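Data block below; observations after.
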Number of protein chains: 2
Amino acid sequence: MRHQNHFGSWWHSKLRGCGYRITEGREAILNFLAGSDKHLSAEDIYMAIRPNCPNVGLTTIYRTLDILVNMALVYRFDFGDGRARYELTEGPKGAHHHHHLVCTECHKIVDYTDFINEEVKLLHETEKGLSKKYGFKITNHLIQFYGMCASCSPKK
Amino acid sequence: MRHQNHFGSWWHSKLRGCGYRITEGREAILNFLAGSDKHLSAEDIYMAIRPNCPNVGLTTIYRTLDILVNMALVYRFDFGDGRARYELTEGPKGAHHHHHLVCTECHKIVDYTDFINEEVKLLHETEKGLSKKYGFKITNHLIQFYGMCASCSPKK
DNA sequence: TCCTTAATGGAAATGATTTTCATTTATAAT
DNA sequence: ATTATAAATGAAAATCATTTCCATTAAGGA
Ligand SMILES: [Mn+2]
Ligand SMILES: [Mn+2]
Ligand SMILES: [Zn+2]
Ligand SMILES: [Zn+2]
């Protein structure tokens, strides 16, 4: 069983660097996000963390997620089911950029990385053109495909 | 001053075709959407319509927009300002497909059509590949670029 | 350890959207 | 045109994710 680094997990320095304190709640939230490949709602996180941290409130989840989104450590998505969903932007190994496939019926989400290279290349060109033409400083993009997943499609 | 077609506007047949009745509220909502190039919230529409239709309630706006979104006559967007925004998918002339540039600071939205051809071409290829691989029947896509508009960017 | 101030949680507030339900009205049949 | 029927409606209440308030706690530099 390997030790935790004496100085804490990889995000400690990021939080500290932005002047934020390391707290039990923040640690639990980041740890849980890092160990999940799902698209989690604030309440998902709240419920998951509760057994170990019964003293961390839902308000703290929301506040922490706001901070993490602003620091670009976490993405916030709207998949159309009425609640925000969160996902770590990268792991210790670095970013693993992907886009989404959303079932409009059951709200299943698929992360995909196929075609990502071509997509990202085109996106970069597009960004450059749009930046120049409209004077925007583009920092981010969102690509989602909507449709019906196999199990929601009418059975033949 | 030109006449309205005796059979009504172009969307009458679409509504009727789906078994919906033509009502004052629906007519007003569609007319207003058709005459606007903005990205309107339910309340925007409510306020805009009120002078002519003081008897159309906000509830009807929401209900009508739901129908129109389901009929794919209207797109519903989330630009991150806490309310849904709506836009007609096409005019009498047909679709004018476009994507969005969103200022994360002031929530200004820019419709752009530059690069649309290349984007759409790539998207179609991507859709085909994803459909096959993940068994999704893709009907729609969403592309948004986020950043800071010229007036929100720190003045040099 | 002590001190300053960020961080917290629980309750209350907020605000967009939805639901309820009694009433109205579009429209097809007469 | 009249009538019958189910769809559509508005107003008020309910919902529910997220935010705000505020008194209390605790992180971390000195
Ligand atoms: Mn994802
Ligand atoms: Mn638009
Ligand atoms: Zn599905
Ligand atoms: Zn702006």
Side-chain angles (χ1 to χ4, degrees), chain A residues 6-9 11-30 39-71 74 76-86 107, chain B residues 6-9 11-30 39-71 74 76-86 107:
Chain A
H6 173 70
F7 300 105
S9 309
W11 54 71
H12 281 208
S13 59
K14 298 217 177 192
L15 280 175
R16 304 295 291 281
C18 290
Y20 293 112
R21 298 179 178 176
I22 310 296
T23 66
E24 182 197 9
R26 289 172 180 174
E27 194 118 31
I29 292 166
L30 261 326
H39 304 84
L40 303 156
S41 68
E43 186 143 24
D44 288 340
I45 298 170
Y46 176 62
M47 300 295 256
I49 276 177
R50 192 135 67 140
N52 288 316
C53 317
N55 39 344
V56 170
L58 185 54
T59 309
T60 291
I61 312 282
Y62 278 108
R63 279 190 289 231
T64 301
L65 287 170
D66 273 354
I67 289 171
L68 297 176
V69 167
N70 285 331
M71 292 177 64
V74 162
R76 172 190 281 133
F77 291 106
D78 167 42
F79 292 126
D81 64 343
R83 63 194 59 197
R85 303 250 161 208
Y86 301 85
H107 292 109
Chain B
H6 173 68
F7 299 105
S9 309
W11 55 71
H12 280 208
S13 59
K14 298 216 177 192
L15 280 176
R16 305 297 290 281
C18 291
Y20 293 112
R21 298 177 177 179
I22 310 297
T23 66
E24 181 197 10
R26 288 172 181 175
E27 194 118 30
I29 292 166
L30 261 326
H39 304 85
L40 303 156
S41 67
E43 186 143 25
D44 288 340
I45 299 170
Y46 176 63
M47 300 295 257
I49 277 177
R50 192 135 67 140
N52 288 317
C53 317
N55 39 345
V56 170
L58 185 54
T59 310
T60 291
I61 311 283
Y62 277 109
R63 279 190 286 230
T64 301
L65 287 170
D66 273 354
I67 289 171
L68 297 176
V69 167
N70 284 332
M71 291 177 64
V74 163
R76 171 189 282 133
F77 290 106
D78 166 43
F79 293 125
D81 65 343
R83 62 195 60 195
R85 304 251 161 206
Y86 302 85
H107 291 109

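For clarity, every value in this text was computed on a predicted model and none was experimentally measured. The chains referred to below are lettered A, B, ... by the order of the sequence lines, with proteins before strands, and numbering in each begins at 1.
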*Looking at dT19(D), dT27(C), dA8(D), which one has an atom nearest to any side-chain atom of Asp66(A)?*
dT19(D)

*Kindly indicate, with the supporting measurements, whether the criterion side chain to side chain contact (heavy atoms under 4.5 Å, CB included) is fulfilled by Glu27(B) and Cys53(B).*
CA-CA 10 Å; Glu27(B) 194 118 30; Cys53(B) 317; over 6 Å; no

*Please state how far atom CD in Glu24(B) lies from atom C1' in dT24(C), giving the value in whole angstrom units.*
12 Å

*Separation of Asp78(B) atom CG from dT18(D) atom P, in whole Å?*
11 Å

_Classify Gly82(B) by what it touches in the nucleic acid, base, sugar-phosphate, or nothing, heavy-atom distance under 4.0 Å._
sugar-phosphate

*Among dA7(C), dG28(D), dA16(C), the one nearest Arg26(A) by side-chain distance*: dA7(C)

*Give the nucleotide from the list dA6(C), dA8(D), dT27(C) with an atom nearest to the side chain of Tyr20(B).*
dA8(D)

*asked:* Rounded to whole Å, please give me the gap between NE2 in His12(B) and C1' in dA26(C).
replied: 13 Å

*dT18(C) phosphate, OP1 or OP2, under 4.0 Å from Arg63(B) side-chain N/O*: no

*asked:* If you define the side chain from C-beta out and look only at heavy atoms, does anything of Asp44(A) sit under 4.5 Å from Tyr86(A)?
replied: no

*Between Leu58(A) and Ala42(B), who's closer to the 5' end of DNA chain C by nearest nucleotide?*
Leu58(A)

*asked:* Tell me the interatomic distance from Glu43(B), atom CD, to dT14(C), atom P, rounded to whole angstroms.
replied: 16 Å

*asked:* Just to be sure I understand the rule, does Thr59(A) reach a base, reach only the sugar-phosphate, or reach nothing, if contact means heavy atoms closer than 4.0 Å?
replied: base

*Which nucleotide in the list dA16(C), dA8(D), dT20(D) gets nearest to the side chain of Arg21(B)?*
dA8(D)

_Is there a side chain to side chain contact (heavy atoms under 4.5 Å, CB included) between Leu30(A) and Leu68(A)? Walk through the geometry before answering._
CA-CA 9 Å; Leu30(A) 261 326; Leu68(A) 297 176; 3.9 Å; yes

_Between Thr64(B) and Ile45(B), is there a side-chain heavy-atom distance shorter than 4.5 Å?_
no

*Within the structure shown, what part of the strands sits under 4.0 Å from Arg83(A) by heavy-atom distance: base, sugar-phosphate, or nothing?*
sugar-phosphate

*asked:* I'd like to check Val74(B) versus Arg76(B) (side-chain heavy atoms, cut-off strictly below 4.5 Å). Are they in contact?
replied: no

*For Ile61(B) and dT18(C), give me the distance from atom CD1 to atom P, rounded to whole Å.*
13 Å

*Grab the CZ-P distance between Arg85(A) and dA17(D) for me, whole Å please.*
10 Å

_In this structure, how many angstroms lie between the C1' atom of dA8(D) and the CG atom of Asn55(B), rounded?_
13 Å

*Arg16(A), nearest nucleotide to its side chain (from dG29(D), dA16(C), dA8(D))*: dG29(D)

*Could you check how far CD of Glu27(A) sits from P of dA27(D), rounded to whole Å?*
11 Å

*Between Tyr62(A) and dT18(D), is there a side-chain N or O to OP1/OP2 distance below 4.0 Å?*
yes

